[in-house]
Novice: 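The following block contains the structure, expressed as structure tokens.
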Amino acid sequence: MPLPFVCHSEVDVLIIGAGPAGLMCANALANARVNVRIVDQKAVKLTTGEGDGITPRTTEVLQSYGLAERLLRESCQLHLASFYNPSATGGIELTDRIASVTAPSARYPFEAALHQGAIQDIFIDSMTPLGVEVQRSTIPTSIELSKDENELVDPTSYPVRVVLQRLDKSEDEPQEEIVHAKFVVGCDGAHSWVRKQVDITMDGEQSDSIWGVVDMVTPDTDFPDVRNKALIHSNHGSVIFVPREQDRIRIYIQLKDKDVINPMTGRVDKEKMGPEQILETAQKSIVPYKLTRKSEFIWWTIYSVGQRVASKYSINNRVFIAGDACHTHSPKAGQGMNASINDSHNLAWKIALVIRGWADMPLLSTYESERRQYALDLIAFDKMWSTLCCDKPLTEQNGDGVSPDHFLKTFQTDFTSGIGVHYQPSVVVNDRNQELASGLVLGKRVPPYKFMRAADAWPFELQDLLPSDFLFKLLVFTEKSFLNRYAMHGTSRFDIITISKGRKQTFNIFLLPALLRSHWSKVFIDDTDPTGRFGGEGYSYYGVGAEGAVVAVRPDGYVGAIAPLDHVEDLDAYFASFMKIPA
Ligand SMILES: Cc1cc2nc3c(=O)[nH]c(=O)nc-3n(C[C@H](O)[C@H](O)[C@H](O)COP(=O)(O)OP(=O)(O)OC[C@H]3O[C@@H](n4cnc5c(N)ncnc54)[C@H](O)[C@@H]3O)c2cc1C
């Protein structure tokens, strides 16, 4: 007889689901020293397949957690995208080659392709030394949110009660655990149990687009773009090639309903098609080029996706959903994993600040306003892009088809690189004083630029001075003094980085007011390094004039507010709208 006893526990944040969204959230919160737990129904971690493309912005985000180096070491970099269209003589022909992503301001202006299991390992290996591990073979069986208003608005209370069940416990261990959590984040994928339990609906429709995907070792081929991202529009359908790590490639093909849908159930039937048929369809679509498999397939799947967005991202700012639980779309724009990682990047610092008692609960509402709008924009883009990918190409017989030019222009958006994400005005994105720093756009991420460290002439990348360490950064473009009551009360909540217009030959760090040089490593000058190769002209790049400016950068690297040096009260008002004033 199993023992009927249960155990109780408390945790600040319980994350359900250890895919990219859940692991990103757990790792970020572990870094912030938040008491966090993460559970997953699967007994073992993912080793192959699923998503594989990391966009330039996501690589910048990973760098802010110190994780980009490993990604770049293990992944395949995609620098060029090629476009093929039907040729006049039958088959396909090359029509263009351009940058694989349109992100001229990106620090890493390329996509990084690596299988999802390896990307998830990067997070797992980062958080393990911080004492957070995925508790596997574990599912929630019930979730209840307190109805007590006082409890819900009190950030120190534990108003969410989740019953967890271990699927792998022996009979003499407790089968159930009741977890009392301050916050729960449902990162449990497209069929999210959490979302259904809290009655959040998905808006949108099931797409009619079904894709076959196969991962394999680079085949024997004379197709010249097999190691570039290749987007092929053929009279046999659309094909996408994605070069991958360790001499692998991924091939996506678009499938017809009749080939994969079971007429009895109306659902995708994996028995109806296998990797051989996916490869055969790709082979037909790239004639006159040849493609011959060299070894076993590594992974394959068939999947259909809805283009849908959750109607809400949270219940009372206590139970959140993130990642595929909130939005699903086609793989054509390569955004699934990226959107999921960036949802958690947006949410984690907000939860951490509330748990630390630094920010008020309403800050958490900006997670939904910022990330849901992004998902709506993504679905709109995905619909347009999917139509272009799936429609027949322009030919003599098909005058209404998609022209290569139109296809190319749509591809060249900064939206898919993630760099174009632009959060709208809210309590954490002010809309004043943009003219003081026109290159640091309110609501967008801080673009990379090199400045020279004043004390020792090291050239530094500004983004490296903005790590995801849960602190706001104040970039002070000045040589004068300035005061801020939050900074005065405890600089531990802010990192003040001074960027002076001085010259390396004459600059004296000790002539700056003490507040602007909390440590010698925090002062930079807008001058070239001694070799003349890096830096200089940073004021001009960021659109900052001689009058200077103070720029508040959010913990996630987005520009939150800008103030004139002689009116820093503007920053006081900004922070007062969501931060608690220290006693
Ligand atoms: C079969 C498949 C193929 C895909 N192929 C591609 C592709 O080719 N290209 C692309 O860009 N994207 C692809 N995707 C999408 C991409 O993988 C997702 O966008 C991305 O993984 C979303 O991350 P996530 O963390 O939100 O969700 P997921 O990665 O789905 O992670 C959810 C996690 O929650 C766990 N879980 C679910 N329910 C429970 C529960 N009740 N209790 C505990 N744990 C639970 C799951 O085991 C899983 O580990 C694919 C997805 C799938 C499922």
Novice: With His345 as reference, evaluate Tyr367, Tyr65, Tyr374 under the ring-ring contact (aromatic ring centres under 6.0 Å, His included) test and give the passing residue.
Specialist: Tyr65
Novice: Looking at Glu93, I want to see if its CD is surrounded by more than 12 non-hydrogen atoms of other residues, nucleotides or ligands under 6.0 Å.
Specialist: yes
Novice: Under 4.0 Å between a side-chain nitrogen and a carboxylate oxygen: does that hold for Glu370 and Arg554?
Specialist: yes
Novice: Checking Asp382 side chain against His329 main chain: does a donor-acceptor pair fall under 3.5 Å?
Specialist: no
Novice: Do Ser82 and Asn228 have side-chain N/O donor and acceptor atoms under 3.5 Å apart?
Specialist: no
Novice: For residues Ser234 and Lys284, is any side-chain donor paired with an opposing acceptor at under 3.5 Å?
Specialist: no
Novice: Before accepting this row, confirm whether a basic side-chain N of the pair Asp215/Arg248 lies closer than 4.0 Å to the acidic partner's carboxylate O.
Specialist: no
Novice: Give a yes or no on whether the backbone of Thr55 and the side-chain of Glu111 come within a donor-acceptor separation of less than 3.5 Å.
Specialist: no
Novice: Go through it in stages, so that I can follow the logic: the residues are Arg136 and Lys45, the test is side-chain contact (heavy atoms from CB on, under 4.5 Å), and I'd like the CA-CA distance, side-chain angles, deciding distance and then a yes or no.
Specialist: CA-CA 9 Å; Arg136 299 201 167 274; Lys45 62 183 188 176; 3.3 Å; yes
Novice: Quick one, Lys504 with Asp529, criterion salt bridge (Lys or Arg N to Asp or Glu O under 4.0 Å). Give me CA distance, side-chain angles, the key distance, then yes/no.
Specialist: CA-CA 8 Å; Lys504 54 184 169 287; Asp529 78 315; over 6 Å; no
Novice: Between the side chains of Thr218 and Arg227, does any donor sit under 3.5 Å from an acceptor?
Specialist: yes
Novice: Take Ile54 and Ile119 through the test side-chain contact (heavy atoms from CB on, under 4.5 Å) and record every step on the way to the result.
Specialist: CA-CA 9 Å; Ile54 293 289; Ile119 292 165; 3.7 Å; yes
Novice: Less than 6.0 angstrom from the centroid, inside 45 degrees of the normal: does Arg293 satisfy that with respect to the ring of Phe297?
Specialist: yes
Novice: Are there over 12 heavy-atom neighbours, none belonging to Arg533, within less than 6.0 Å of that residue's CZ?
Specialist: no
Novice: Going through the distances and angles, do Gln434 and Val441 end up as a side-chain contact (heavy atoms from CB on, under 4.5 Å)?
Specialist: CA-CA 7 Å; Gln434 181 65 79; Val441 179; 4.0 Å; yes
Novice: Between the side chains of Lys42 and Asp40, is the shortest nitrogen-to-carboxylate-oxygen separation below 4.0 Å, so that they form an ion pair?
Specialist: no
Novice: Starting from the C-alpha separation in whole Å, work towards a yes-or-no answer on salt bridge (Lys or Arg N to Asp or Glu O under 4.0 Å) for Arg308 and Asp203.
Specialist: CA-CA 5 Å; Arg308 294 190 281 189; Asp203 299 338; over 6 Å; no
Novice: State whether the side chain of Arg57 and the backbone N or O of Ser417 hold a donor-acceptor pair below 3.5 Å, judged by distance alone.
Specialist: no
Novice: Taking the six-membered ring for Trp and the full ring for Phe, Tyr or His, determine whether the centres of Phe451 and Tyr449 are under 6.0 Å apart.
Specialist: yes
Novice: Between Asp225 and Arg97, is there a side-chain N and carboxylate O pair less than 4.0 Å apart?
Specialist: yes
Novice: Evaluate the ring planes of Tyr108 and Phe110, with Trp represented by its six-membered ring, and classify them as parallel (under 30°), tilted (30 to 60°) or perpendicular (over 60°).
Specialist: perpendicular
Novice: Give a yes or no answer on whether the side chain of Asp377 reaches the backbone of Phe381 with a donor-acceptor pair at less than 3.5 Å.
Specialist: no
Novice: Any luck finding a side-chain donor-acceptor pair between Asn346 and Tyr558 under 3.5 Å?
Specialist: no
Novice: Is the shortest distance from a Lys or Arg side-chain nitrogen in Asp343 or Arg372 to a carboxylate oxygen in the other one below 4.0 Å?
Specialist: no
Novice: Angle between ring planes, Phe223 versus Tyr84, binned at 30° and 60°: parallel, tilted or perpendicular?
Specialist: tilted
Novice: Start with the C-alpha distance between Gln63 and Asp464, add both sets of side-chain angles, then the distance that settles side-chain hydrogen bond (donor to acceptor under 3.5 Å, both in side chains), and finish with yes or no.
Specialist: CA-CA 8 Å; Gln63 172 64 12; Asp464 285 340; 3.1 Å; yes
Novice: Quick one: does any side-chain atom of Asp96 pair with a main-chain N or O of Phe83 as donor and acceptor, under 3.5 Å?
Specialist: no
Novice: For Asp324 and Thr328, which I'm curious about, is there any donor-acceptor pair between the side chains at under 3.5 Å?
Specialist: no
Novice: Taking Asn31 for the side chain and Asn27 for the main chain, is one N or O donor matched with an acceptor at less than 3.5 Å?
Specialist: yes
Novice: Between Asp188 and Trp193, does any side-chain donor sit less than 3.5 Å from a side-chain acceptor?
Specialist: no
Novice: Less than 3.5 Å apart, any donor N or O on the side chain of Thr221 or Lys290 sitting next to an acceptor on the other?
Specialist: no
Novice: Answer yes if the side chains of Asn342 and Thr58 hold a donor-acceptor pair under 3.5 Å, and no otherwise.
Specialist: yes
